[in-house]
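Encoded as structure tokens, the structure appears first; notes follow it.
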Amino acid sequence: MESSSIQEPFDLIRLSLSERVFVKLRGDRQLTGILHAYDGHMNLIMSDVEETIMIVDLESAPVGQPATVNVAKRKMDMLFVRGDGVILVSPPSRT
Amino acid sequence: MDETPPPPPEEQTPPPPPPTSHTGSPTDFLKGVVGKRVIVRLTSGVDYRGVLSCLDGYMNIALEQTEEHVNGVVTNRYGDAFIRGNNVLYISAAEDL
């Protein structure tokens, strides 16, 4: 039973070290990359990172229509993520 | 016009009885919902529905079988999810305790 090895939320992160994780950040940003290290603030060290930024354009949308969402992506070899920007971290599914 | 407004009803309804179930501290509630289905709402308004694996004193949360709901629409699914506690607005039990 794998969930018996989780006593506290950080165990979920510990079990994801060296794995590719999904990170949701403030400011409509998300990351996927290999997790190398973390601390109690959820500061993260990640490598081989792709950042996806959702840019909602309210002005050019027609009246009554949903705003258009533009997506920008960029890649980074190595990244330090400051913990206070983190909303959610999801490890690869461990099925 | 000599109409007078109707008098207020004589018998006042008694105050509702205090809730009988679920007394206890917030900590008791949180201990009770571990392992149960919950709805976690973040301050941004996004909801996460899933099974609460565990949580800590910062209200960091580990969820299983997580669905992300934005405006009532499922926008993502995660097998497991760690939610950083500072983003949490509330944790709601989604099944009987």
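Just so it is clear: chains get the letters A, B, ... in the order the sequence lines come, proteins before strands, and each one is counted from 1. Only heavy atoms go into these numbers, but all of them, side chains included; no hydrogens, no water, no symmetry mates. Only a predicted model underlies this, so the values are computations on that prediction, with no experimental measurement involved.
Few gaps surround CG on D57(A); more than 12 heavy atoms of other groups in view lie less than 6.0 Å from it. For K36(B), the NZ atom sits in a packed shell: over 12 heavy atoms of surrounding residues, nucleotides or ligands are nearer than 6.0 Å. A 6.0 Å sphere centred on NE2 of H41(A) holds no more than 12 heavy atoms belonging to other residues, nucleotides or ligands.
To the nearest 0.5 Å, atoms CG (L12(A)) and CZ (F82(B)) are separated by 8.0 Å. Of the inter-residue distances, the one linking M42(A) atom CE with I83(B) atom CD1 reads 11.5 Å to the nearest 0.5 angstrom. To the nearest 0.5 Å, atom CG of residue N76(B) and atom OG of residue S90(A) are 8.5 Å apart. In this structure, L88(A) CG and Y78(B) OH are separated by 5.0 Å, a value rounded to the nearest 0.5 Å. Annotation: the span from D11(A) atom CG to D56(B) atom CG amounts to 10.0 Å, rounded to 0.5 Å. Between the CG atom of N87(B) and the NZ atom of K24(A) there is a distance of 10.0 Å, given to the nearest 0.5 Å.
Cluster annotation: F29(B) is connected to L63(B) through the hydrophobic network of ILVMFWY side chains, with a link wherever side-chain heavy atoms come within less than 4.5 Å. Y48(B) and V74(B) fall into different hydrophobic clusters, where Ile, Leu, Val, Met, Phe, Trp and Tyr side chains are chained together by heavy-atom contacts under 4.5 Å. M76(A) is connected to V89(A) through a chain of hydrophobic side-chain contacts under 4.5 Å among Ile, Leu, Val, Met, Phe, Trp and Tyr, so both are in one cluster. A single hydrophobic cluster is not seen to contain both I34(A) and L25(A); linkage of ILVMFWY side chains at heavy-atom distances under 4.5 Å, directly or through other members, places them apart. Hydrophobic clustering, with ILVMFWY side chains joined whenever heavy atoms are under 4.5 angstrom apart, keeps V51(B) apart from I6(A).
Of the two parts of I87(A), the backbone and the side chain both hold a non-hydrogen atom closer than 4.5 Å to a non-hydrogen atom of chain B. For chain B, the nearby parts of F10(A) are the backbone and the side chain; heavy atoms of each come within less than 4.5 Å. Contacts of Y58(B) with chain A are absent, with no heavy-atom separation under 4.5 Å from either backbone or side chain.
A 4.5 Å side-chain heavy-atom check between N60(B) and E8(A) finds every atom pair outside the cut-off. Side-chain contact between R84(B) and D84(A) is present, with heavy atoms from C-beta onward closer than 4.5 Å.
Residues C54(B) and P9(A) share a closest heavy-atom pair of SG-N, 3.4 Å.
Options G79(B), A81(B), G85(B) differ in how many heavy-atom pairs under 4.5 Å they form with chain A, and the most are formed by A81(B).
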